[in-house]
Protein chains: 2
Amino acid sequence: MAVKPIPNIVVGRLPIYLRALQRMSQEGRRVTSSQELGERLGISAAQIRKDLSQFGEFGKQGTGYNIEYLADQLQSILKVDRVWNVIIVGAGDIGSALARYNGLSERGFRVVMIFDNDPSKIGQPIGPFHVKNIANLVEEVQPAGIKVAILAVPAQQAQEVTDLLVEAGIRAVLNYAPISLAVPEGVRVQYIDPVTHLQHMSYYL
Amino acid sequence: MAVKPIPNIVVGRLPIYLRALQRMSQEGRRVTSSQELGERLGISAAQIRKDLSQFGEFGKQGTGYNIEYLADQLQSILKVDRVWNVIIVGAGDIGSALARYNGLSERGFRVVMIFDNDPSKIGQPIGPFHVKNIANLVEEVQPAGIKVAILAVPAQQAQEVTDLLVEAGIRAVLNYAPISLAVPEGVRVQYIDPVTHLQHMSYYL
DNA sequence: TAGATTGTTAATCGATTAACAATC
DNA sequence: TAGATTGTTAATCGATTAACAATC
């Protein structure tokens with residue numbers, strides 16, 4: 001019997017649902033409906049119900065969804081009912097901002113090391129860390145079993161650093177360098193490039 | 001005669017194509033093909049040709065695309081054949097990193113002001129700017145005709161600041177706060193939340 | 001000319017929406 | 001009970017891919 005995989009586009013919406021639920025929870029709300037959630041997010045109620053139904057039945061007819069319960073379920077589905085150790089590579093402005101950002105750990109990710117290749121940065125403190133030498137990346141990261149990396153180096157060095165990350169056993173890369181990366185099967189990359197988003201919007205101006 | 005609009009998902013890929021072409025140009029390349037471009041980007045050649053054909057005929061059979069010409073055309077389509085003035089709201093780590101980032105201006109966007117509401121930050125220098133008082137945002141931004149803003153304030157303040165931006169005539173918001181924003185018709189929002197990307201990937205770990 | 005690659009059409013594939021029985 | 005809202009099915013809509021004539 002063939003199991004059809006969950007569409008990637010559906011998985012991508014779950015973190016958005018989770019984020020909204022956690023905010024509602026903060027606001028002291030206890031239940032919500034697909035309609036209310038949809039209005040907040042600009043997504044149709046039908047789509048939210050359809051997406052969730054891929055994973056199970058989380059609601060009650062007539063009542064809607066218990067916010068805390070649904071959030072717990074989504075955390076479990078997304079595997080953020082635990083904390084993933086993360087490394088940052090690149091101790092420039094972006095890497096440093098991320099190293100000091102507290103919003104990661106509340107949501108499933110904890111920065112544990114930051115690397116750079118600049119001798120003037122190595123050893124310097126950034127938030128609670130000291131910058132490590134990228135030359136030691138593989139030997140530090142691989143034995144620690146770390147699977148997630150944030151890449152914040154210049155575009156020119158991004159591919160070679162990525163190869164290093166793969167060698168170190170990293171399987172998920174959040175790439176801030178404005179360049180497409182080549183990675184082997186089984187390694188995932190997500191891209192953050194503010195300029196592509198700005199250009200997308202300027203089309204409509 | 002009904003003109004069918006370009007699908008939003010196609011517009012969203014154009015900045016990716018443009019970025020790859022500009023990199024190829026830097027590498028000294030003069031021509032490319034839909035196949036080569038597709039391999040770099042992990043997109044099918046057919047899709048690239050189909051996307052581009054929505055806007056015109058930019059290639060030559062047998063030869064492919066002139067990189068500089070196609071990049072120029074895409075810049076014009078995306079309206080980044082000019083420079084858009086941009087404001088940043090929020091002078092925390094992220095806002096400051098963006099204010100100092102030089103990669104924006106090469107690609108169509110120039111930061112011209114940065115605002116915050118924290119008295120200890122107002123007046124302080126960040127990169128080439130001095131932080132302005134958010135209380136003066138509307139009176140500074142509206143007469144200047146600025147249409148693009150980057151929002152880098154805490155989630156709790158994001159919606160009220162957004163309302164201010166809309167009042168000031170902003171029509172495109174790049175939102176770094178981890179919250180969905182409500183905006184009137186005609187105002188566009190794009191979201192950057194590293195954690196949603198990390199959670200998307202952790203599903204597959 | 002022979003080889004390569006475009007632009008475009010038609011076919012396929014996948015995602016979204018509408019509608020409603022089930023039921024809390 | 002009456003009203004509300006889920007989970008799910010079928011219909012619709014839209015996006016991607018495959019294929020190929022045109023042509024550089």
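Lettering follows sequence order; numbering is per chain, from 1.
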query: Taking it one step at a time, do A:I146 and A:V86 satisfy side-chain contact (heavy atoms from CB on, under 4.5 Å)?
result: CA-CA 7 Å; A:I146 299 167; A:V86 176; 5.8 Å; no

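Here C:dG14 presents its P atom at 17 Å from CD of A:Q47, a figure rounded to the nearest Å. Look at CD on A:E57: it is 10 Å from C1' on D:dT8, rounded to the nearest Å. Going from atom CD of B:Q54 over to atom P of C:dG7 covers 13 Å, rounded to whole Å. Between the CD1 atom of B:I48 and the C1' atom of C:dT5 there is a distance of 13 Å, given to the nearest Å. Rounding to whole angstrom units, CG of residue B:L52 and C1' of C:dT5 are separated by 13 Å.
The phosphate of C:dT17 (OP1 or OP2) has a side-chain N or O of A:S44 nearer than 4.0 angstrom.
Sorted by first and then second residue, the pairs that involve residues 5-22 of chain A and meet salt bridge (charged side-chain N to carboxylate O under 4.0 Å, His left out), not counting sequence neighbours, are A:R13-A:D51, A:R19-B:D193. Legend: salt bridge (charged side-chain N to carboxylate O under 4.0 Å, His left out) pairs involving residues 23-33 of chain A, not counting sequence neighbours, sorted by first then second residue: A:E27-A:R40, A:R29-A:E36. Screening residues 163-185 of chain B for side-chain hydrogen bond (donor to acceptor under 3.5 Å, both in side chains), with sequence neighbours left out, gives B:Q159-B:D163. Under the salt bridge (charged side-chain N to carboxylate O under 4.0 Å, His left out) criterion, no residue pair touches residues 194-205 of chain A, with sequence neighbours excluded. Note on residues 195-204 of chain B: no pairs pass salt bridge (charged side-chain N to carboxylate O under 4.0 Å, His left out), not counting sequence neighbours. Counting only residues at least two apart or on different chains, the side-chain hydrogen bond (donor to acceptor under 3.5 Å, both in side chains) pairs with a member in residues 136-148 of chain A are A:K132-A:E140. Judged as a side-chain hydrogen bond (donor to acceptor under 3.5 Å, both in side chains), the pairs with a partner in residues 66-87 of chain B (not counting sequence neighbours) are, in order, B:N85-B:R110.
The stretch residues 60-72 of chain A comes close to DNA chain D through A:K60, A:Q61, A:G62, A:T63, A:G64, A:Y65, each having a heavy atom under 4.0 Å from the strand. Of the residues in residues 6-38 of chain B, those with a non-hydrogen atom less than 4.0 angstrom from any atom of DNA chain C are B:S33, B:S34.
With hydrogens and angles disregarded, a donor-acceptor distance shorter than 3.5 Å links the side chain of A:S53 to the backbone of A:K50. Checked by atom type and distance alone, the side chain of B:Y203 never pairs as donor or acceptor with a backbone atom of A:N8 at under 3.5 Å.
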Donor-acceptor contacts, no H, no angles, side chain residues 91-101 of chain B, under 3.5 Å, sequence neighbours left out:
unit_1: B:D93; atom_1: OD1; unit_2: A:R100; atom_2: NE; d: 3.4
unit_1: B:D93; atom_1: OD1; unit_2: A:R100; atom_2: NH2; d: 3.4
unit_1: B:D93; atom_1: OD2; unit_2: A:R100; atom_2: NE; d: 3.2
unit_1: B:S96; atom_1: OG; unit_2: B:A91; atom_2: O; d: 3.3
unit_1: B:S96; atom_1: OG; unit_2: B:G92; atom_2: O; d: 2.6
unit_1: B:R100; atom_1: NE; unit_2: A:D93; atom_2: OD1; d: 3.4
unit_1: B:R100; atom_1: NE; unit_2: A:D93; atom_2: OD2; d: 3.2
unit_1: B:R100; atom_1: NH2; unit_2: A:D93; atom_2: OD1; d: 3.4

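By the neighbour-count criterion of 12 heavy atoms within 6.0 Å, atom CD of A:Q156 is sparsely surrounded, having that number or fewer from other residues, nucleotides or ligands.
In DNA chain D, runs of at least 3 consecutive Watson-Crick or G-U pairs, each pair with both distances below 3.5 Å, span C:3-24 with D:3-24.
A distance of 5.5 Å separates CZ of B:F55 from CD1 of B:I77, quoted to the nearest 0.5 Å.
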Between protein and nucleic acid, restricted to nucleotides 18-20 of chain D and to nitrogen or oxygen atoms under 3.5 Å apart, what atom pairs and distances do you find?
unit_1: D:dA19; atom_1: N6; unit_2: B:R49; atom_2: NH2; d: 3.2

